[in-house]
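Letters A, B, ... mirror the listed sequences (proteins, then strands); counts begin at 1. If you're wondering where the values come from, they're calculated on a predicted model, not measured in any experiment.
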Amino acid sequence: MSRSEESPPIDFIRQIVAADRLAGKNDGRVVTRFPPEPNGFLHIGHAKSICLNFGVAAENPAGRCNLRFDDTNPLKEEELYIQSIQTDVRWLGFDWEDRLYYASGYFEQLYQLAEQLIEAGHAYVCSLSAEALREYRGTLTQPGRESPYRNRSVADNLDLFRRMRRGEFPDGSHILRAKIDMASPNINMRDPTLYRILHAHHHQTGDQWPIYPTYDYAHCLCDALEGITHSLCTLEFEDHRPLYDWIVDRLQGSLGNHPQQIEFSRLSLEYTVVSKRKLNTLVKSGIVDGWDDPRMPTLSGLRRRGYTPAAIRTFCQRIGISKTPNNVELALLESCLREDLDKQAPRAMAVLNPLRVVITTVPEGQVEALSAANHPQNPEMGLRSLHWSREIFIEREDFCEDPPKQFKRLVPGGEVRLRQAYVIRCDQVVKDPQSGEIVALHCSHDPATLHANPPDRKVKGVIHWVSAAHSHPVEVRSYETLFTVPHPDEAWQGDNFAEWINPNSLTVLTDCRVEESLKDAPPGSIFQFERLGYFCVDSKPTQGIPVFNRTVGLRDTWAKQQQEPKG
RNA sequence: UGGGCCGUCGCCAAGCGGUAAGGCCCCGGAUUUUGAUUCCGGUAUCCCCAGGUUCGAAUCCUGGCGGCCCAGCCA
């Protein structure tokens with residue numbers, strides 16, 4: 001565990017957990033769960049919940065966190081997601097050991113418990129249509145009305161419910177409802193639906209069930225059945241807590257424990273959306289390449305982009321846990337990323353927009369081996385070799401004929417250091433006679449400057465380079481945010497999202513060169529291209545030249561200065 | 001005009017009646033063969049507003065204002 005992950009901050013949830021343990025509540029046990037619905041890929045918002053739930057468990061002696069698929073809606077869920085979710089949670093660095101559960105694994109128990117509720121007069125079968133049900137519910141400001149089926153006898157309810165289970169009724173013809181209070185100011189308490197008829201194939205239970213429990217009914221009971229002590233969820237479930245408690249209270253005799261639901265605010269991140277529905281729209285509309293497109297905030301997208309699990313964990317720790325509505329700046333995520341990558345990533349040189357440079361002082365055919373440190377601060381990362389020869393490439397923007405003030409790169413007649421190599425001077429600029437475009441530079445090098453600075457003069461600039469003959473062609477994909485506005489969730493109403501899509505979210509550079517040591521870098525491996533940023537080898541197989549994804553740029557104070565209007 | 005929740009620096013976020021932590025961003029400066037990293041230093045007399053209680057309030061009380069969530073047989 002890295003330094004930045006040493007001491008998790010004590011947020012209000014951890015305070016409650018600590019106080020409960022001190023008070024001896026739940027015999028000191030701390031059991032949490034991460035309960036995703038397998039209807040999409042996990043994203044950065046889920047990471048917050050995963051880090052919280054697994055984190056709280058890990059911080060407490062004998063604490064445990066279960067992974068439980070909340071699979072009560074077969075219409076929306078798929079086996080595919082079950083696999084990807086497990087991959088992502090493991091990748092993030094968490095382990096549920098042998099505690100992998102499914103809400104569907106409790107279907108029989110949930111059914112029996114429902115019969116108990118009916119027998120105790122707490123639930124009834126309602127035969128109102130969906131539309132009628134809506135009318136009877138009332139509105140935010142007006143109370144609802146009691147269903148005409150509300151006072152069916154226990155025997156009738158039991159009979160009907162059993163027949164629902166046997167599959168005797170068509171979808172939508174009946175539901176099982178809790179008998180609570182149609183006049184409650186909390187709409188969730190107006191006789192909420194517990195079971196619906198759905199003749200649908202379930203990815204886990206097959207065609208065993210023609211009825212399925214709702215979230216409100218299943219979630220609290222699964223928690224209780226698993227011995228969850230602290231059921232952590234996002235703020236929108238706050239209004240459901242009275243129902244959660246109501247159900248568990250009615251069935252307490254059969255359950256034995258009563259988990260405590262605690263809500264925290266969900267993550268919202270600048271310039272991105274974190275809603276499965278909206279992410280799905282981006283995928284379906286072809287705006288992105290898939291759920292793992294490097295621009296997506298999904299864990300699979302972030303992984304492909306080059307984000308590390310440690311960076312995401314640190315991020316989740318730094319944003320904290322609270323109930324405040326938030327919109328976290330991208331800068332914080334990127335800062336966590338750079339912090340981790342700076343330590344981890346071996347350095348290398350790559351030129352994204354090559355400009356040919358002929359070193360006239362190096363004879364044709366001469367090659368000199370140079371060695372370079374893989375990390376400037378960490379000698380343990382070793383050395384690699386580079387080859388110095390007559391023709392090299394430098395970055396086009398590292399040369400300027402008419403430089404702005406403070407420009408410390410290469411200019412006509414001026415000197416710069418080539419990183420890990422010699423100081424060169426630009427003697428001649430070669431232009432295309434037709435277009436006037438600069439096609440090459442003729443430079444001379446100072447052979448005394450390999451590991452030493454010239455004693456008689458100061459060379460301010462250092463630029464990166466690759467040997468023309470020894471470097472390899474690669475494609476580089478550079479990314480920007482998917483949206484042009486910092487709060488796309490607010491702007492995105494209905495299907496107007498196209499107007500907020502950033503047309504420059506992907507830039508493909510096909511004429512890049514990387515140094516020789518990167519020739520066979522495996523997919524997923526990540527490097528710092530010096531002076532440019534962090535880049536990783538794309539993990540999707542490609543035919544043709546290798547593809548590098550730009551994970552994130554280096555902090556660039558020069559670029560920032562250039563953009564700013566003077567004064 | 002129903003109910004629930006939230007409001008501390010540009011963005012997160014501590015604070016739990018004793019006189020505003022920290023991180024990110026930002027601004028200086030030092031070191032640097034990455035305009036990177038690292039390192040120093042700076043940045044809320046004030047905590048949505050207005051009253052009140054108190055020797056003392058961001059923390060307690062009252063009243064406002066602003067924001068978010070809820071009317072799926074979704075989760």
Taking any strand in view, what nucleotide pairs with B:G28 in a Watson-Crick or G-U wobble way, both distances under 3.5 Å? B:C40
Quick one: is B:G72 close enough that its OP1 or OP2 comes under 4.0 Å of any side-chain N or O from A:Thr214? no
Using Watson-Crick or G-U wobble geometry with both distances below 3.5 Å, tell me the partner of B:A21, or none. none
Can you figure out which of B:C24, B:C12, B:G2 approaches the side chain of A:Asn327 most closely? B:C12
Does B:G67 count as syn, meaning its glycosidic angle lies within 90° of 0, or as anti? anti
So what does A:Asp239 touch, heavy atoms closer than 4.0 Å: a base, only the sugar-phosphate, or nothing? base
Testing B:C74, B:C70, B:C6 for proximity to the side chain of A:Asn73, the answer is B:C74
Within the structure shown, what part of the strands sits under 4.0 Å from A:His219 by heavy-atom distance: base, sugar-phosphate, or nothing? nothing
Give A:Arg347 one of three labels, base, sugar-phosphate or nothing, depending on what nucleic acid heavy atoms sit under 4.0 Å from its own. base
Pairing partner of B:G72 (Watson-Crick or G-U wobble, both distances under 3.5 Å): none
Between A:Asp398 and A:Arg531, does any NZ, NE, NH1 or NH2 come within less than 4.0 Å of an OD or OE carboxylate oxygen? yes
Has A:Tyr215 got its ring stacked on B:A75, by the test of a centre gap below 5.5 Å and a plane angle below 30°? no
When rounded to the nearest Å, what value does the distance between C1' atoms of B:C68 and B:U34 take? 45 Å
Nearest-nucleotide check on RNA chain B, A:Leu418 vs A:Glu37; residue mapping nearer the 5' end is A:Leu418
Now, which nucleotide makes the Watson-Crick or G-U wobble pair with B:C65, with each of the two distances under 3.5 Å? B:G7
Within 45° of the six-membered ring axis of A:Phe399 and under 6.0 Å from that ring's centre, is NZ or CZ of A:Arg409 located there? no
Closest-nucleotide mapping onto RNA chain B: is A:Asn188 or A:Leu198 further toward the 5' terminus? I mean the 5' end. A:Asn188
If the cut-off is 4.0 Å, is A:Lys560 near the phosphate of B:G35, judged by side-chain N/O to OP1 or OP2? no
Given side chain to side chain donor-acceptor pair (under 3.5 Å), test A:Arg347 with A:His464 step by step and report yes or no. CA-CA 11 Å; A:Arg347 310 288 124 121; A:His464 58 275; over 6 Å; no
Hey, are A:Arg145 and A:Glu135 close enough for a salt bridge, meaning a charged N less than 4.0 Å from a carboxylate O? no
Does one side chain, of A:Gln528 or A:Tyr534, offer a donor that lies under 3.5 Å from an acceptor on the other? yes
Any side-chain N or O of A:Arg196 under 4.0 Å from OP1/OP2 of B:A75? yes
